[in-house]
Amino acid sequence: MKKTLGLLLATILLACAFTGCYALPAEDNNVQEPQTRGMQRIFGKDVTVALLADSEAFEHGVLTQAESLGVTISKVSSAAQANGFDLVIAYKPDSVADITVPLIVYTEGEDNVPDNGRKIIYNKNEEQDAALEVMRTFVSHEAPVRMLGVFAGEHGEAQIACQMMEDEGKAQIKGTCTDLNAGEQITKLLDEIPVGVLDTIFTENGELAMEAYGALKAAERNDAVEVITMGLDIELVRAMVENHFLMGAATGANEWSSGALALRMGLSLLSQERVGDYEIKPFTVYSDEVIAATKAGEDDIESIIMKLDGEVNDVYWTDNIRYLADHYGK
């Protein structure tokens, strides 16, 4: 009997082998669907962003931040092209009244934006006082600061402010010149002013600063005279890298970091965060900070300008924005 049962069991097993009989695996109820990541996790899709800007500095800031957050930016040339996007970032636009999607506007005034928009406001009226304070407190200066003033026109606000500083005993004006043939005038004044009795050349804008820098470099004076200027642009910072003794400091709008801020604000607005208007202050780039950055291995001047602006760089890093930066690994 046992021998018969054994033969029967062997026959059954052999039949299963030839007919493909097998046991079904137990059903796994713990299998999870793949989770969404990056933009898909926050917005449910890849966000489309339009950039309406004619400032290379602002555009560089937007694009640099976009790369770090996994965002694709499309440049448009008019507000009429912008409404098909999820978000619009505009630099000093002529009008944004017809833009109906979420909007971030960089402005230097009290321009009105629709309810779907927020503003980054730069108060240019504060730039003059900020630059004059930099001149007054510059590391190599003592009161009264012995200055040469280079102005965009006769009897303008900057010239009047410097005269007030002299009246208050904060400055000694050794000479002035205006926009017309500024380089020649500066060269003549530098020839006339003895070595050792001049601290700085104060200029009203970046173009005049470069004129003063060129004249000062050509003069080859052996005293510590540098250019302090209103306005901030890439050429001024390049001059600091070339000769940080002659180009001392530049004060103005940091449009590089403002562009990065605009994108963070816009994405925060899209993700239902509370976003208000943001006012940026005049920012000063000092030549010694630029040189320190280059010595530390940083060779991209625009990246240096952005990284130096710690105040603007630290705002609007919401949890969602930090997540995107961590996810895209920049």
Side-chain angles (χ1 to χ4, degrees), residues 47-79 81-82 85-96 99 101-113 117-127 130 205-207 229-238 250-270 275-285 290 300-317 321 325 330:
V47 171
T48 59
V49 181
L51 174 61
L52 177 60
D54 59 1
S55 163
E56 291 183 4
F58 187 83
E59 179 181 323
H60 184 275
V62 173
L63 295 178
T64 299
Q65 189 70 87
E67 182 180 3
S68 73
L69 299 178
V71 181
T72 300
I73 303 294
S74 298
K75 294 170 62 176
V76 298
S77 58
S78 69
Q81 298 174 332
F85 292 84
D86 297 313
L87 170 68
V88 177
I89 297 173
Y91 172 89
K92 297 183 186 178
D94 294 331
S95 174
V96 292
I99 296 179
V101 299
L103 168 70
I104 303 294
V105 174
Y106 176 93
T107 176
E108 290 184 353
E110 294 301 321
D111 300 325
N112 292 323
V113 300
R118 300 292 185 270
K119 293 185 290 186
I120 297 174
I121 308 163
Y122 176 65
N123 189 347
K124 193 169 178 61
N125 294 331
E126 297 180 357
E127 188 174 295
N205 59 48
E207 184 178 350
T229 189
M230 296 168 58
L232 175 59
D233 62 46
I234 192 70
E235 294 303 322
L236 297 172
V237 184
R238 285 187 179 130
T251 299
N254 191 335
E255 294 184 356
W256 293 269
S257 58
S258 296
L261 170 64
L263 182 59
R264 296 197 303 272
M265 285 178 64
L267 293 176
S268 296
L269 189 63
L270 283 181
V275 177
D277 295 343
Y278 191 86
E279 182 176 349
I280 61 171
K281 300 293 185 181
F283 177 71
T284 300
V285 173
V290 173
D300 184 82
I301 293 176
E302 291 179 301
S303 294
I304 291 174
I305 299 171
M306 291 182 69
K307 290 176 181 178
L308 287 176
D309 195 352
E311 180 178 344
V312 172
N313 290 340
D314 286 343
V315 296
Y316 278 101
W317 280 99
I321 304 301
K330 302 285 187 178

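Heavy atoms only: backbone and side chains are in, while hydrogens, waters and symmetry mates are out.
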Does some side-chain heavy atom of Pro93 sit less than 4.5 Å from a side-chain heavy atom of Val105? yes
Any side-chain heavy atom of Val312 within less than 4.5 Å of one from Phe283?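 No, every pair of side-chain atoms sits at 4.5 Å or beyond.
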Got a second to check how far [X]'s [atom1] is from [Y]'s [atom2], nearest 0.5 Å?
X	Y	atom1	atom2	result
Leu267	Ile321	CG	CD1	4.5 Å
Ile99	Gln81	CD1	CD	10.5 Å
Glu235	Ile301	CD	CD1	8.5 Å
Asp54	Lys75	CG	NZ	10.0 Å
Ile73	Leu51	CD1	CG	6.5 Å
Ile104	Tyr316	CD1	OH	8.0 Å

Of all heavy-atom pairs between [X] and [Y], which one has the smallest distance, and what is that distance?
X	Y	result
Trp256	Ile234	CH2-N, 3.8 Å
Val96	Ala90	CG1-CB, 4.5 Å
Gly252	Tyr122	C-OH, 3.3 Å
Val47	Leu270	CG1-CD1, 3.6 Å
Asp277	Lys119	OD1-N, 2.9 Å
Leu236	Gly206	CD2-O, 3.7 Å

Is there a donor-acceptor pair under 3.5 Å between the side chain of [X] and the backbone N or O of [Y]?
X	Y	answer
Glu127	Gly231	yes
Arg118	Val275	yes
Thr251	Met230	no

Does atom CD (Glu126) have a neighbourhood of more than 12 heavy atoms from anything else shown, all under 6.0 Å? yes
Report, as yes or no, whether the 6.0 Å neighbourhood of atom CD on Glu207 holds more than 12 heavy atoms from other residues, nucleotides or ligands.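 Incorrect, the count does not exceed 12.
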Evaluate the criterion side-chain contact (heavy atoms from CB on, under 4.5 Å) for residue pair Leu232 and Val237; output intermediate values, then yes/no. CA-CA 8 Å; Leu232 175 59; Val237 184; 4.1 Å; yes
Take Tyr106 and Ile280 through the side-chain contact (heavy atoms from CB on, under 4.5 Å) test and state the conclusion after the steps. CA-CA 10 Å; Tyr106 176 93; Ile280 61 171; 3.9 Å; yes
Of all pairs that satisfy side-chain hydrogen bond (donor to acceptor under 3.5 Å, both in side chains), the ones with a partner from residues 257-269, not counting sequence neighbours: Gln65-Arg264, Asn254-Ser257, Ser257-Asp309
Under a plain distance cut-off of 3.5 Å, with no hydrogens placed, do Tyr91 and Glu59 share a side-chain donor-acceptor pair? no
